[in-house]
Every structure is written in C-alpha cells, then in structure tokens.
A.B. asks: 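If you scroll down you'll find the structure; I have some questions about it.
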Amino acid sequence: MTPKDRIEQLRADLHKHNYNYYVLNTPEISDKEFDDLMRELQDLEQQYPEYQDESSPTMRVGSDLNKNFVQVAHKYPMLSLANTYSEEEVRDFYDRAYKTLNEDFEVCCELKYDGTSISLTYENGRLIRAVTRGDGEKGDDVTDNVKTIRSIPLLLHGNTYPSSFEIRGEILMPWKVFEALNKDREAREEALFANPRNAASGTLKLQNSSVVASRKLDAYLYYLLGEKLPCNGHYENLQEAAKWGFKTPDTMRKCKTLEEVLEYIKYWDIERKNLPVATDGIVLKVNNLIQQKNLGFTAKSPRWAIAYKFQAERAVTRLNKVTYQVGRTGAITPVANLEPVQLSGTVVKRASLHNADIIENLDLHVGDMVYVEKGGEIIPKITEVDMAARSFMLGEKVHFITVCPECGSKLIRYEGEAAHYCPNETACPPQIKGKIEHFISRKAMNIDGLGPETVDLFYKIGLIKNTADLYKLTVDDIKGLERMGEKSAENIIRGINNSKEVPFERTIFALGIRFVGETVAKKLSRSFANIEELENADLERLTNVDEIGTKIAQSIIAYFSNPSNRELVDALKNAGVQFSRSEEDMSSYTNKLSGLSIVISGVFMHHSRDEYKEMIEKNGGKNVGSISSKTSFILAGDNMGPAKLEKAQKLGVEILSEDEFLSRYDFDTKN
Ligand code: IVH
C-alpha cells in the first residue's frame, strides 16, 4: 500500500469511528485504538505534507496560532424566534397559522437547545465554513474552532446531499463537561462560567483552537437551508441530514394536532432534566416548506415557527440563617440556609448569596420567605423576598459579617471587588488546608495518592501545618492512620519525593499566590531565573513582564512581604523543591532582545505566533500588543492589518519581516 493509500484509508476509518462515537454513541473500537490510528495518520501527514487535506480528522485537534475572527455575511439572515410562555399563546399561534393557510398543517416539535447558534456551510460534501449568529446579518468565522467539535462532520456520508447547502444548529457544552470545567477553574481561581451557554459561546470565541478542542463541545443541527433540498418537509429534510452524518435531535416529533403538541410540551418539561445538555423550551415549526413559505417572515422572526419557553423553575421557602464559607484565598462566600424545598428534582437546602451587596439589595431578614431559582445555573440563587409574607414580627436584618468565622480576623474588602476577604493567610485553617490542597493538585505539584481528605486528616491531627511539612513526613508517621495501609503510605511518601522534580513554573503556581494562575506562573518562570529574583522584584520589574499588570504585581509583592511566606519558601527550598530554572531551560535564555518592545502582527511561516512570543520573552524582550512611539519594531508576517501598517509608518516604527528578524537576531528558522 502506498503512503497515500494508507493516509486515505486512515482518514476514512477515523471519520467512521468518530461518527460512531460522537453521533451514534456506539463506539466500535477502544479509545486507545482510536488514538493509535490518529497518531499514525498525524505522522504520515507530517512525513508527506503534499497530501494535506483541510477535512482530515487530524484537523480536529486545533492549533495554537492566534488569529482574529473574520466577519462573514450570512447568505440567509439568522433570525430569532418569537417567544411564548403559555398554552394560550401556543393556541393563538395555531389559530393564526390556520387563518393564513386555510388548510390543515403538521407541526414539528423540537427541543429548544440553550447554547449558541451556528451556521455551517457545506460544499461538495465538505465543511467549508462555520459562522456564529453575530448580529443576524453577519457573524464571526469560527471554522477552525468548530472543526474541533467531533459531532460535526468534516466530510459527509453517501452521495445524496446537495452540492451546496447550509445547516444551522446549536453548539452546546454538556452539563458534565461544564461542571468539570468550572471545578477546574475554581481550583485555578479563575472566574466561573455562570451556565453552559456562556461556557459554550466563550469557548467558541477562543483564539486558540487547541483549547477549544479540549473543551469537548457538542452540537445538534436543526435547520437545513439551501436551494435544492431533498424533501418538502422540515422533519424529512433533517432525517436525510442524519443519513449524511449530522447529529440531528432524535427527540423531534411531527404532530398533527394541537393536543399532540401540548402533550409533547408537557412530557419534555419534565423529561428534559434527564438530558445531557441544557434546554430552555420547545420550538414549534410548521413542517411543510410550501406552507412555511406562505406564512413567511416578520422583520425579526418566521411566522411559521415559535418558541415555547419553560417556566424558570422557582420555589418559595424560608430563610433560616446565613452562614459564611472561607475559601483558600480567604474569600468569604455567604450561604443562605433554607428550609428544604423541592426544586427541579432535587431538594434545595442552601443557596449562594454571592456577596454583601446582593444581601443588601435583597434587604434580607432572617425568617423571610424567599424565592429560589435554578435557571441555567447549577447553584440555586435567591431572586426575591416575598415582602407580602413578612409578618409584623420581622426577623433580624442580615448584616454581612465583619470578622472571619474561622479565625476571628477582621475582614477586608479590596477596592473594586465585590468579595470580602479574611487577610489571615497563614493561620486561618480553611485557607491553610485549601493552600495545601492546591499545592498537591495535578497541575501544581501533582502528588500522587494524596487527596483533600487525607490532607484534612493530616492537618486535623497536627501532622502538617503547611506545605513544607509534607516533606518531613515519613511512612511510619502516616501508616496505620484511618484507612491508610503500608502500601498507601509508601505511595504518598513516594509521591511527595517525586514532586521535588516538578519544574520551576509549576512550583510558582503551586505556592497559590493570589492571581498567579498557571499562565502567569509560566510567564514569571521565563522572566525570573529563580525564586530569589522573584522575591526581590519591585513593581516596575514585575509589570515589565508581558501580561503582568499592577494587580498581579502587587499581589506578588504582598505575598513576599509577608515573613511567614518567605519562611515557607525557604523551608520548601531546603526540602529540595525546584525553585530555579533547570540548566536545560537556562541554555535557551539570552539577553539579546533586552530592552526591546516588540509588536507581533500578521501570519507567520516559520514559527507560530505563540512561539515568537516565547522567543521574545526568553531572550529578554517584551512583547506588546499595540504600536506606540516606544515600540522598537514590528515583527510583521503576511497580512499585517492596514491600520497597524499606517500607524507604524506614521510613528516611523521599523517593520521587520519574519526572515529579517530571524537573521538579525540569529534565530533558527525552525526549532
Ligand atoms: S430554529 C428561523 N430550532 O433559538 C428560526 N432554533 O430564538 C431558526 N434554538 O437563534 C431557528 N433550539 O439559537 C431553532 N430546535 C431549534 C432551536 C433553536 C435552539 C435557538 C437558536 C436561535 C434561537 C431563536
């Protein structure tokens, strides 16, 4: 078999396995077998670039090239749907349609998916473009990101599809993925997504498609458009589209009467809670395309379709008291303790109150009857107080606490922030435990065998008071403790010892300095050779590092100005934790770009944008976003934006081509 044949065979097999797994939910091979085939294809494609193909399954992994989205006009505008909220309004829709059509009609009922809409264009069986809704007239071209969604076919099955058509649908982040993503973000102290819809649309707009690929988005397609569609009915067209490889909703139903429609609504209002993705209503579409045409459109929406929105689920219950939780960073979260109440299939006992302002705005009093809602969000929230239910015996007004419930320290509120904090970083128990848990977590020191419960136990019995104490533990200290055999004890100690090999960038992250997440830690490790340099850096030195602003810089300075943190770092250093860049790392650092402020613009041949950024930083330069008189030069690839070009010329800033830059500073054309 020639390499070309093998490549083609692998592509066909991978497309098929992908479809079986992501659309049909019935995989035929193991994940490992799939990965092996994918790797073989990647290797072959690298070896034989002449067989490159935009629709290859390898295109789904994304790339780290940054690029801004191009705006594309929609061939058919992307309209919205008129909303209805009651049976009455659904009846009105029926009556109106009947009046215009003057004949019977069928209605296709579908779930209204609560994600972000997308328009896909296929030509000759290939996905050629994916565009967001935007303003309905034009949207962003997010093709590279959409290609990473495994349930969207890059190549269609069979040969019965029209040569050119558009299909629209919803991109969604399944609940499970959403919950895991938020958990991960919480651990890294990044802002949480409020609901899967925001998470899906945020993800789709990411610049880096390999991150998009990791977010495991899904898509349901529900609207076929084009000049030559196979059937006269919407439902039938989607059944055809399913044969071409699209994931169309298998929950659609064609109804002949209004009664059947109402039955569908009633059924899914309950059953939707068991679906893997968020839905917020039902869409009713007159099925026949000729009847659709006769009904036509208003300026904003079709007259042949409406959305019926589910009631936001809410319940009334009594507020018993407000308690306060202290997080790893000392952030205080107020929690409403409620009389247990049934809400969307679960019993709700607690709801988040977010911060002091929200409590104040609700004018909350203990004993109030409050409305609890579970919108798209996972944590229920209090939306309103039932003022009419307040008896003359009004309970005590809820005032946000002023001291930490765990250690009694006076709370502080940073300017511009909604949250209150306990400043007692080094002695407040939940903060200490939280810091240790962060330290051992997978993306930090990755200490095998050690989890939050074990940390809790070690802390409770006084074995550890901080992260450095972990390195003093012996097998004898911990074996025989609750559920701890000799094997697990050895495992933990081995894990702790192995963590001494974790590189500098991750040990910086592991310290848990406020606002220093993984990316910032990486940047710091590139700009500072060791922890001493970082400890002694002033505001100017810190803010000189790319993407580090005053807020992060001040937080780093505050961390190291606390003597107990310095002691802790010393203790960790003495225990053997890596607090400097490795030799290997050091060899790729120079000062040859020191003092230079460089703007990167355009598309490059030899290295990706991220690689250039890294190259600049590793060699002492600073990568800046916009051109000013302080810019040393512009590293310009192809298609540099005209506005940038004009500004550079006006300010007399030098423009270096990629090759000029590489040769002037003696860099390789390829790593
Ligand atoms: S059909 C011309 N079907 O709801 C109407 N839309 O307010 C085309 N949506 O932007 C839309 N599920 O993002 C249709 N089964 C479904 C849907 C659906 C969710 C969204 C879509 C659209 C919005 C309309």
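Counting convention: from 1, in listed order, for ligands and their atoms alike.
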A.B. asks: Does the ring center of Y76 lie less than 6.0 Å from the ring center of Y223?
C.D. replies: no
A.B. asks: Assess the pair W244 and F165: is the distance between their ring centroids shorter than 6.0 Å?
C.D. replies: yes
A.B. asks: Should F34 and M38 count as side-chain neighbours, where that means a heavy-atom distance under 4.5 Å?
C.D. replies: yes
A.B. asks: Write out the protein residues near ligand 1, meaning a non-hydrogen atom under 4.0 Å from one of its atoms, in order of chain and number.
C.D. replies: S80, L81, E110, L111, K112, Y113, S117, E170, Y222, Y223, V283, K285, P302
A.B. asks: Give a yes or no on whether K254 atom NZ has more than 12 heavy-atom contacts from other residues, nucleotides or ligands under 6.0 Å away.
C.D. replies: yes
A.B. asks: If you count every heavy atom of other residues, nucleotides or ligands that lies below 6.0 Å from R318 atom CZ, does the total exceed 12?
C.D. replies: no
A.B. asks: Side chains of Q291 and E106: do they bring a donor and an acceptor to under 3.5 Å?
C.D. replies: no
